[in-house]
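Just so you know, these numbers use all the heavy atoms, side chains as well, and skip hydrogens, waters and symmetry mates.
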Amino acid sequence: EVYGNLIAEGTMDEPITIHSDRLSSFYDDVPSQWDWICINKSAHASLKNVEISNARNAIQVDSTASLWLNSCILRDAGSSMLYSNHGDIHVYNSLMYNSGGALLEAHGGDVECIHSTLSNHFSWDYRKVSAVRLLPSTDSSYGNLLLANSIIEGNQRNELECEAESLLVDHCAITTENIKSIANDSRFVEVISTGNIKFKDVKKHNYHLTEGSDALNKANPSYVDDCPVDLDGNSRNISTPTIGAYECPTEQPITDHEK
C-alpha cells in the first residue's frame, strides 16, 4: 500500500525485482502468487528499471494517484496487470506480457503509453478481455488517452477496447479485425496490423523483433525524445525509429525473463 511517494530506480544491469518468495524456476511464470502494489488516492509512484512478476494484479492505481513506468517489465499476472480507477498512468519504454485480464485497464483518468510492447498470450486460463481496455469512469468521463509507437498484441481477435473521442493511437501496431475501418477514423494515425510483427520467440518471452517485421522503422520520430534509448539501452533511430520497446532486431543477450 502506497499512501505517499514511491520511488524505485534500478539500473539496466541491476534492475529492482518484485516477485513471489518461491525462487524455484518451476514457479517463474506462475501467476497470482501474491496480491498487488496499490497506489492509493493522491499518492505518486515512479518506477524505473523495475521488474514485477507473478502477482494477481501487478499494480493498482486509485483515483487522483499517478504512476510513471520507465524501462520496466511487468509479467505473468492472474488478473489485470495494471489497473487504474481514474488515476494518471504514464508507461514509457516498457514491456508487459501475459495476464489473465487486461495488461492495461483504465477507468477514466489520463493514460499515455509510448514506445512500449504489450503482448498477451496468457495460457493458464481463458482470457475474456482485450489486452488494453480504456473505459469511462463511474461518472462516464474519459481522460486524455495516448498510445504512441507501441505494440498491442495477443491471441484475441481485437486487443484494444476504447470508445473515447479523446483517444489518439499514433503509429502503433495492434491486433485487430478492424484495421480497414480504423483507417478512416481520425483517432488512429498510421496504425498497422500485428499480422507480420515477427517477435523472435513469444513462447520464450523474447519480444525483440526480427528482420522483416512490419514494425521496424515505422514509429513516429516525434516521441523519440521521450524514449531516447530502448529497453536494451540501444539508442533509437531519431529519424525512423521502430515501434515497440525494442529498437533493433539484432541479436541481444538473453535476459532472465526470456529463459
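- Judged purely by atom type and a 3.5 angstrom limit, T240 has no side-chain atom pairing as donor or acceptor with the backbone of N217.
- Of the charged side-chain nitrogens involved, none lies within less than 4.0 Å of a carboxylate oxygen, so that D201 and K203 do not count as a salt-bridged pair.
- Aromatic ring pairs are classed by plane angle as parallel below 30°, tilted from 30° to 60° and perpendicular above 60°; the pair H205 and Y97 is parallel.
- The backbone N or O of S79 lies less than 3.5 Å from no partner atom in the side chain of N57, so there is not a single donor-acceptor pair.
- Side-chain contact, D214 with N196: a donor N or O sits under 3.5 Å from an acceptor N or O.
- Taking the six-membered ring where the residue is Trp, W68 and H90 present parallel rings, their angle staying beneath 30° rather than reaching 60°.
- With no hydrogens or angles considered, a side-chain donor-acceptor pair links S141 and D139 at under 3.5 Å.
- A side-chain donor-acceptor contact under 3.5 Å links T64 to the backbone of S42.
- Between D62 and K41 no salt bridge is recorded (no basic side-chain N to carboxylate O distance below 4.0 Å).
- Counting only N and O atoms by type, the side chains of H44 and S66 include a donor and acceptor under 3.5 Å apart.
- Side-chain contact check for N237 and S239: at least one donor-acceptor pair (N or O, by modelled atom type) lies under 3.5 Å.
- Residues Y92 and V61 do not share a hydrophobic cluster, defined by chaining ILVMFWY side chains whose heavy atoms lie under 4.5 Å apart.
- Under 3.5 Å, the side chains of T175 and T194 contain a donor-acceptor pair of N or O atoms.
- Note that CG of L69 is 6.0 Å distant from CG of L47, once rounded to the nearest 0.5 Å.
- Judged by distance alone, the side chains of H171 and E190 never bring a donor and an acceptor atom under 3.5 Å apart.
- No donor-acceptor pair closer than 3.5 Å links the side chain of N178 to the backbone N or O of I182.
- The CG atom of N54 sits 5.0 Å away from the OG atom of S20 when rounded to the nearest 0.5 Å.
- Nearest heavy-atom pair across P31 and A77 is CB-C, 3.5 Å.
- The environment of CD1 in I238 is sparse: at most 12 heavy-atom neighbours from other residues, nucleotides or ligands sit within 6.0 Å.
- N149 and H115 share a side-chain donor-acceptor pair at under 3.5 Å.
- Judged by distance alone, with hydrogens and angles left aside, the side-chain atoms of S166 form no donor-acceptor pair with the main-chain N or O of A164 at under 3.5 Å.
- To the nearest 0.5 Å, the span separating NE2 on H208 from OH on Y246 amounts to 5.0 Å.
- Expressed to the nearest 0.5 Å, how far SG of C162 lies from CG of L167 amounts to 4.5 Å.
- One finds the CG atom of L146 at 14.0 Å from the CD1 atom of I89 (value rounded to the nearest 0.5 Å).
- With respect to R75, the side chain to side chain donor-acceptor pair (under 3.5 Å) criterion is satisfied by exactly one of D28, D29, N98: D28.
- When the options I73, L95, N93 are evaluated for a side chain to side chain contact (heavy atoms under 4.5 Å, CB included) with T117, the one that passes is L95.
- In terms of hydrophobic clustering, with Ile, Leu, Val, Met, Phe, Trp and Tyr side chains grouped at heavy-atom distances under 4.5 Å, L118 and F122 are assigned to different clusters.
- Hydrophobic clustering places L145 together with L104 (ILVMFWY residues linked when any side-chain heavy atoms are closer than 4.5 Å, directly or through intermediates).
- Counted by atom type alone, S94 and S116 present zero donor-acceptor pairs between their side chains at under 3.5 Å.
- S213 places no side-chain N or O within 3.5 Å of a backbone atom of E211 that could act as its donor or acceptor partner.
- Between the side chains of Y223 and D170, at least one donor N or O sits under 3.5 Å from an acceptor N or O.
- The backbone N or O of L82 sits nowhere less than 3.5 Å from a side-chain atom of S80 that would complete a donor-acceptor pair.
- At least one donor-acceptor pair under 3.5 Å links the side chain of T210 to the backbone N or O of K198.
- For the atom pair CH2 of W34 and CG of D21, the computed distance is 11.5 Å after rounding to the nearest 0.5 Å.
- Looking at S99, its side chain does come within 3.5 Å of a backbone N or O of A102 through a donor-acceptor pair.
- E163 and Y142 form no side-chain donor-acceptor contact under 3.5 Å, judged by distance and modelled atom types alone.
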Going by atom type alone, with no hydrogens or angles, which donor-acceptor pairs under 3.5 Å involve a side-chain atom of residues 152-161 and a protein atom two or more places apart or on another chain?
residue, atom, partner, partner atom, Å
E153, OE1, S119, OG, 2.5
E153, OE1, H121, NE2, 3.1
E153, OE2, H121, NE2, 2.9
N155, OD1, R127, NH2, 2.8
Q156, NE2, R127, O, 2.3
N158, OD1, T176, OG1, 3.0
N158, OD1, E177, N, 2.8
E159, OE1, R127, NH1, 3.0
E159, OE1, A131, N, 2.7
E159, OE2, R127, NH2, 2.8
E159, OE2, N155, N, 3.2
E159, OE2, Q156, N, 2.8
E161, OE1, R133, NE, 2.9

